[in-house]
Undergrad: 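First the structure, then my questions, so here it is.
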Amino acid sequence: MNNTDKSGARGIEAIRSRLSRRGFLMGTAGLAAASTLSACSSPFAQDGGSNGGGGKKLSITMFVFLGGDLAKMPKEFAKEYMESNPNVSIEFYEQSNSVGYGKMLAQRKADPEKPLVNMGFFNTNTSIQGIGDDMWESLDYSSMKNAADVLPIFQRDDHKGIGIGSDQYGLLLNPDALGSKPTSWSALWDRKYKGTLSLFNFPWYAVYAAALANGGSLDDMEPGWKIWEERADQIKLIVESNPQYLNVLSDGTAPLTTYFAGTGQQWINEGAPLEYVVPDEGAMPLPVFLQSVAGQGDDETEVCQDIINEMLSPKWVSRWAETSIEIPATQSAEIPDSLADLPAFQQSTIDGLLEIDYDIVGEKQAEWTERWNNNVVPKI
């Protein structure tokens, strides 16, 4: 698929749209590359006007995921964006959400008006935690023309961020080492597979799957807890890193798990003898959100919203899907050819995704983690 052909939103219409709000992004330097639109006043241009294009730079730090190809699309986007907006400089903070968000919180406590990053990519758990911590600015969806194309599952009523794509939890297994290919979430606690299971940290989704299968819900996880507190010995080991995970799955030490479809596919692409299976009951979506950080200046906030809007164009949503191996968030973004035949990207998979209220997950995460560590881990 040629993504470049789907980038028309970056032409004159997009530039005119940006300038119609406050017009601070560029002086004549950026306009000359795209059109002969009349210059507008910019607080970043010399003498308050647009002549010369020599205004001060506005620096934006973007949080991007560390590892694999996850920083590839943001860096490609930034190069193109800065070429069109030379008074904006985009730098990158590459880190895991778990480590990086802790540093964001520490900086917020030290100086709320000087956030560690201005905007970025955040997984579902971090997004929900950030809402509780008042970490995010509300986005103005009505002024973001690309937001209207975003599927409802990726939008928030409070506008505290907006999704760009979604990974999913399903079954990941080594079929040869396991001796079969289960297709139900119940394989995780099925005595047939006792001692074959590896899990990463606290897998709330495994507890949720057990709860659903036994009449429970996110609001009533007790049926799931009962299963895992009684069958903790299903678990052979808890892994602490992706390299360890890959090793124990590939060499057959613990050939069954539930994990990200995207990460699993990256391992498969590298030659690992693994297979991702969409459970019969449905996979669990894990949206990735774009968010603007609270506490920054008005100019930074406006640029961050503009960046997010541009990233939601079909071109960049498709590119994110391709590099992160995620379902695209917008209706008009095409699934890249390299992903179209994968189980995670079939229409039946997308239609069958389980509905999850991540506000509940975020609210209960600490409580659930403590219970897992106290009542399940010691019995492994």
Side-chain angles (χ1 to χ4, degrees), residues 65-70 94-102 123-126 167-182 185-210 224-225 227-279 283-284 286 288 324-326 344 361 365-366 368-380:
F65 296 116
L66 178 66
D69 291 334
L70 296 175
E94 297 183 57
Q95 187 53 270
S96 68
N97 270 196
S98 57
V99 173
Y101 186 76
N123 64 33
T124 310
N125 287 346
T126 303
D167 206 335
Q168 59 188 263
Y169 287 129
L171 300 178
L172 186 63
L173 49 95
N174 181 333
D176 291 337
L178 195 61
S180 62
K181 189 174 74 173
W185 282 108
S186 63
L188 301 178
W189 57 88
D190 188 336
R191 283 307 193 188
K192 176 181 178 181
Y193 300 108
K194 179 181 176 181
T196 67
L197 185 63
S198 52
L199 294 170
F200 196 102
N201 294 324
F202 165 51
W204 65 267
Y205 37 95
V207 181
Y208 177 48
W225 285 115
I227 289 288
W228 287 108
E229 288 169 1
E230 291 177 352
R231 299 190 180 185
D233 58 353
Q234 288 286 118
I235 305 168
K236 186 157 189 178
L237 53 86
I238 300 290
V239 299
E240 297 180 354
S241 68
N242 273 339
Q244 183 190 11
Y245 221 165
L246 175 59
N247 287 338
V248 301
L249 287 166
S250 297
D251 67 14
T253 300
L256 173 64
T257 192
T258 169
Y259 203 44
F260 301 116
T263 302
Q265 190 60 45
Q266 288 177 355
W267 292 340
I268 292 167
N269 292 346
E270 293 166 1
L274 307 178
E275 185 170 345
Y276 174 75
V277 177
V278 179
M284 299 186 194
L286 288 151
V288 168
S324 67
I325 314 182
E326 292 184 1
V361 176
Q365 184 86 9
W368 290 346
T369 301
E370 183 178 7
R371 182 166 178 177
W372 177 268
N373 290 336
N374 291 338
N375 295 7
V376 179
V377 172
K379 300 176 183 178
I380 296 174

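On a predicted model such as this, the values are computed, not experimentally measured, just so you know. Any value given below was found using the heavy atoms of this structure, including those in side chains, with hydrogens, waters and symmetry copies removed.
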Undergrad: Can you tell if the side chain of L172 reaches within under 4.5 Å of the side chain of W267, non-hydrogen atoms only?
TA: yes

Undergrad: Hey, are the side chains of K192 and P182 touching, using non-hydrogen atoms and a 4.5 Å cut-off?
TA: no

Undergrad: Under 4.5 Å between any side-chain heavy atoms of L188 and L197, yes or no?
TA: yes

Undergrad: Side-chain contact, heavy-atom cut-off 4.5 Å: R231 with R191?
TA: yes

Undergrad: Less than 4.5 Å apart, any side-chain heavy atom of E229 and any of V376?
TA: yes

Undergrad: As an exercise, state the distance from OG of S324 to CD of Q266, rounded to the nearest 0.5 Å.
TA: 8.5 Å

Undergrad: Would you compute the distance between atom CD of Q234 and atom OG1 of T196 and round it to the nearest 0.5 angstrom?
TA: 7.0 Å

Undergrad: For the atom pair CG (D233) and CH2 (W228), what is the distance rounded to the nearest 0.5 Å?
TA: 10.0 Å

Undergrad: How about W204 and N125: do any of their side-chain heavy atoms sit closer than 4.5 Å?
TA: yes

Undergrad: What closest approach, in Å, do W185 and L171 show between heavy atoms, and which atom pair accounts for it?
TA: CE3-CD2, 4.3 Å

Undergrad: Which heavy atom of Q244 sits nearest a heavy atom of V239, and at what distance?
TA: OE1-CA, 3.4 Å

Undergrad: Can you name the closest pair of heavy atoms from K236 and G195 and give their distance?
TA: CD-O, 3.2 Å

Undergrad: Please find the pair of heavy atoms, one from W189 and one from A210, that lie closest to each other, and give the distance.
TA: CH2-CA, 3.3 Å

Undergrad: Which heavy atom in G262 sits nearest to a heavy atom in D167, and how many Å separate them?
TA: N-OD1, 2.9 Å

Undergrad: Mind checking whether T124 and V361 have side chains closer than 4.5 Å, heavy atoms only?
TA: no

Undergrad: Going by atom types only, do Y205 and T258 share a side-chain donor-acceptor pair under 3.5 Å?
TA: no

Undergrad: Hey, is NZ on K379 packed in by over 12 heavy atoms from elsewhere, all under 6.0 Å?
TA: yes

Undergrad: Show the nearest heavy-atom pair for residues L249 and A254, with the distance to one decimal.
TA: CD2-O, 3.3 Å

Undergrad: For the backbone of S186 and the side chain of D190, can you confirm whether one donor and one acceptor N or O come within less than 3.5 Å of each other?
TA: no

Undergrad: State the CG-CH2 distance between N201 and W372, to the nearest 0.5 angstrom.
TA: 10.5 Å

Undergrad: So if I apply the side-chain contact (heavy atoms from CB on, under 4.5 Å) rule between L274 and each of L173, N174, D176, which one comes out positive?
TA: N174

Undergrad: Out of curiosity, F65 CZ to Q95 CD, how far, rounded to the nearest 0.5 Å?
TA: 11.5 Å

Undergrad: Would you give the length of the straight line joining atom CD1 of I238 to atom CZ of F202, rounded to the nearest 0.5 angstrom?
TA: 10.5 Å

Undergrad: Would you mind reporting whether L199 and T257 have side-chain heavy atoms less than 4.5 Å apart?
TA: yes

Undergrad: Assess the pair Y259 and Y169: is the distance between their ring centroids shorter than 6.0 Å?
TA: no

